[in-house]
Each structure stands twice: as C-alpha cells, then as structure tokens.
A.B. asks: 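For reference, the structure I am asking about is given below.
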Amino acid sequence: MNLVSQVKYLLKKEILLEWRSKYALNGILLYVISTVFVCYLSFRTTPPLVWNALFWIIMLFAAINAIAKSFMQESRGRLLYYYQIASPQAIILAKIIYNILLMILMAVIALVFYSIVFKNEVGDEGLYFLSVIIGAISFSTVFTMISAIASKAGNNATLMAILSFPVIIPLLMLLIKLSKNAMDGLDRSVSLNEIGVLGAINLIVVATSLLLFPYLWRD
Amino acid sequence: MMHKNWWKILGSILILYTVIGGLLIPVPKLPILHESIRNLYFHVPMWFSMIVIYTVSVVYSIKYLNSNNENHDLIAVECVNTGIVFSFVGLATGMIWANFTWGDFWPNDPKLNSAAIATLMYLAYIVLRGSIDEEQKRAKISAIYNIFAYPVMVVLIFVLPRLTDSLHPGNGGNPGFGSYDLDSNMRLVFYPAVIGWILISVWIMTIRYRIRLIENKQNQII
C-alpha cells in the first residue's frame with residue numbers, strides 16, 4: 001500500500017472509532033462550552049482585548065486536553081499491529097489530519113457559542129474566522145507530535161503541558177496578533193506577514209514530525 | 001598538548017582582553033546609554049554562545065538518533081545544561097542593563113519574552129529527561145524533543161521580535177546595532193568578545209562532558 005491509501009485507511013479508522021464512542025468529541029465540546037460559560041459568569045462583559053485573549057486561552061486548554069489523548073488511547077497491542085501494516089509517516093500524518101479535523105470542528109463550535117454568549121464587535125469577521133481555523137491547525141500539528149513524545153515518557157498530563165507550552169507560545173502570540181488585527185478591522189494586507197509566518201512554522205513542524213516519528217515509535 | 005588545547009588558551013586570552021579592553025577603551029558618548037554601552041561586550045556574547053551551544057546540542061541529538069552512541073547523548077545534554085547557564089547570565093546582564101537604560105528590570109519587550117520562553121523550552125527538556133528512567137529510551141526521546149523544539153526556538157528568537165516593535169536595536173524596523181552605534185573601537189572589543197565567549201562555552205561543555213564520562217565509568221560494574 002502506498003502512503004496516501006495508508007493515511008486514508010488510518011484516518012477512516014480514527015473517525016470510525018471516534019464515531020462509535022463519541023467520547024472525545026462530546027467530552028471536548030462539553031469542556032469548551034462549560035469553560036466558556038464559567039468565563040461568562042465570572043466576567044459578564046469584557047473589553048475587546050480580554051475577549052480575544054480569553055478565547056485563545058480557552059482554545060489552548062481545550063486543545064491540550066483533546067490532543068493529549070491521541071496516543072494515550074492506543075493500547076500496546078494495537079501499536080504492535082500498526083508497526084506491521086503501516087509506515088510511521090502514515091500513522092503520524094493520519095493522527096495530525098484527524099486532530100486537525102477534530103480541532104476545526106471544536107473551534108468553530110466554540111467560536112459560535114462564545115460569540116453568542118459574549119457580545120463583542122469584530123471588525124473583519126472573515127479574517128477572524130480564518131485566524132481561528134489557522135489556530136486549530138497549528139494546535140493540532142504541534143500537539144500531535146508532543147503528545148507522541150509525552151506518551152512515550154509515561155503519559156502524564158504535567159509533562160504534556162510543560163513540553164507543549166514553550167513550543168506553542170510563539171504560535172499563540174502570532175495568532176493573538178492576527179486575530180486582534182481582525183477585531184480592529186485592519187486592512188487584510190497588514191496581516192499577511194503573520195499568516196505567512198504561521199504557515200511556515202506549521203510546515204516546519206509537520207516536516208520535523210514526519211522525520212522524527214520513525215525514531216520515536218519503536219520501543 | 002598544544003595543538004589540541006590552543007583554542008582554550010585563545011578563548012581565555014580573548015576574554016581577558018575583552019574584560020580589560022571593554023572597561024578601558026573609550027566608547028562613543030550616546031544619550032541614555034552613556035557608559036552602560038560597555039555591557040554590550042558582556043550581554044550580547046552570552047546570547048551568541050547560547051545559540052551556538054544549542055546548535056551543537058541539536059547536531060549531537062541528530063547524531064545520536066543515527067548512531068545510538070551514548071556519548072553523543074551526553075554531549076547533547078551537557079550542551080543544553082551549559083546553554084541554560086548562559087541564557088540565565090544573559091537574562092541577568094540584560095535585566096541590569098534594562099534597569100539603567102529603560103527604567104525597568106522587565107520592560108515588556110518581545111526579545112525579553114522570547115528569550116525567557118526559549119529558556120523554558122530547554123528547562124522542559126531537562127524535566128523530560130528526569131521523567132524517564134531507562135537510559136536508552138531517555139536519550140532517544142529527549143533527542144527527539146530537542147530536534148523538534150529547535151526550529152521553533154529559532155523562529156522565536158530570530159523571526160518573532162522582528163515582526164513587532166522592540167526596544168532592542170535591529171527589531172521593529174530599527175536598524176541593527178552594527179549600522180550606526182558600533183564604532184570601530186567597539187568592534188575591536190565586541191567581535192573578540194563573541195568569539196572568546198563561544199570558545200569558553202564549548203570549553204565548559206567539554207569539561208562537564210568529561211566529568212560525566214568519568215562518572216559513568218565509575219558507576220559501571222567491573
């Protein structure tokens with residue numbers, strides 16, 4: 001089997017498994033919605049800067065919780081089975097794509113719910129939406145590889161957090177800047193720089209994941 | 001003896017020269033900075049050395065993944081340990097300098113924040129190593145994290161501060177310090193300082209590495 005069909009099969013299997021239990025999906029959705037609600041009850045109204053920062057913090061923690069699971073739920077036996085039928089690149093690619101889909105779904109629902117509960121003026125809604133999608137993709141690419149590393153090192157949540165925070169902070173800084181530009185309704189050409197750098201970082205992260213995962217997966 | 005250790009002697013002489021020359025050779029009189037501009041000879045080389053030593057660390061992590069040679073892992077981890085020391089010294093000298101010129105130990109500046117986050121990244125590397133008991137597994141996983149974090153660290157330190165306004169020269173459209181406020185007298189001290197501190201950082205790393213080798217030998221069952 002070539003890489004593309006392997007990725008397709010693995011992706012189908014991830015989605016099927018998720019669809020049967022709906023555990024991760026429902027869990028994350030409830031997590032996001034209750035966090036948004038807690039924030040709403042404690043803040044009521046927020047200035048625009050806080051509104052934006054709060055949204056990204058909620059997204060960050062939801063993403064860490066969602067993606068930390070991606071390698072934990074794989075049992076040892078099932079991993080051994082994968083080793084025999086698929087290439088490591090296919091496995092990590094399938095995981096990344098699955099996490100991207102999951103995160104985009106979650107981010108869109110979170111954004112809709114967040115803007116219904118918290119009323120706020122967004123100058124350029126299209127660009128804000130784009131920044132949320134780029135954010136979801138960035139979280140997935142970075143956290144998938146980190147969760148693979150953390151799962152090899154005893155699977156604890158503390159490790160996942162301390163390994164991923166320093167790596168995600170530069171992306172988060174760019175995302176907050178990009179979404180702030182969108183809120184202020186600045187001309188889109190101003191934000192091209194941020195979008196370019198975010199795209200480049202994502203490419204680098206995916207490329208290093210593809211290169212490094214083959215060394216990581218075998219015990 | 002001599003042909004192996006010449007760079008250590010060179011490093012020591014250069015540092016000695018920059019300490020004496022850095023404090024005595026006249027510097028341009030600039031507003032705000034005044035005599036504190038001499039800190040350039042001590043603050044900036046710390047970051048150069050840190051970047052060089054982290055790069056060496058990544059090279060040895062890649063080598064480890066290809067060779068499974070335990071010594072390569074030892075070099076990689078000692079590079080990170082040394083780099084962390086240099087980053088702390090760099091932060092400390094920077095904070096003192098910032099207090100005199102910008103009026104605050106921690107002004108909200110992207111370069112400061114980036115440097116602090118990069119240090120967090122490598123502290124996380126140390127914690128990751130601490131969490132795994134089995135030696136080969138620890139070496140492999142930490143090497144992978146080291147290589148994974150390095151490109152992000154480069155973006156963090158070299159790209160991000162240039163996108164935003166910064167108090168540091170060379171950022172946010174400010175010209176680099178080389179172009180207008182580094183006169184030929186200062187170059188005469190600054191470049192030797194950079195080379196000297198890089199050599200010293202490598203020296204510190206090799207000493208720590210050799211101590212680890214001896215410890216390993218002692219702990220072996222004969």
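A, B, ... follow the sequence lines: proteins, then strands. Residue 1 opens every chain.
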A.B. asks: So which part of B:Ile132 gets closer than 4.5 Å to some heavy atom of chain A, the side chain, the backbone, both or neither?
C.D. replies: side chain
A.B. asks: If we define contacts as heavy-atom pairs under 4.5 Å, which of A:Thr208, A:Leu212, A:Ile146 has the most with chain B?
C.D. replies: A:Leu212
A.B. asks: Can you establish whether the number of heavy atoms outside A:Phe165 located under 6.0 Å from its atom CZ is more than 12?
C.D. replies: yes
A.B. asks: How about CG on A:Leu49, more than 12 heavy atoms from neighbouring residues, nucleotides or ligands closer than 6.0 Å, or not?
C.D. replies: no
A.B. asks: Which residues from residues 170-181 of chain A are near chain B, with near meaning under 4.5 Å between non-hydrogen atoms?
C.D. replies: A:Pro170, A:Met173, A:Leu174, A:Lys177
A.B. asks: So if I apply the side chain to side chain contact (heavy atoms under 4.5 Å, CB included) rule between A:Val167 and each of B:Leu120, B:Val152, B:Leu156, B:Ile117, which one comes out positive?
C.D. replies: B:Val152
A.B. asks: Hey, is NZ on A:Lys13 packed in by over 12 heavy atoms from elsewhere, all under 6.0 Å?
C.D. replies: yes
A.B. asks: What pair of heavy atoms forms the shortest contact from A:Leu216 to B:Lys140, and how long is it?
C.D. replies: O-NZ, 4.2 Å
A.B. asks: Measuring from atom CH2 of A:Trp217 to atom CD1 of B:Ile144, what distance do you get when rounded to the nearest 0.5 angstrom?
C.D. replies: 13.0 Å
A.B. asks: May I ask you to decide if A:Ile149's main-chain N or O and B:Tyr145's side chain share a donor-acceptor pair within less than 3.5 Å?
C.D. replies: no
A.B. asks: So does B:Lys137 get a backbone contact from the side chain of A:Lys152, meaning a donor-acceptor N/O pair under 3.5 Å?
C.D. replies: no
A.B. asks: Sort by residue number and list every member of residues 197-205 of chain A having a non-hydrogen atom under 4.5 Å from chain B.
C.D. replies: A:Val197, A:Ile201, A:Ile204, A:Val205
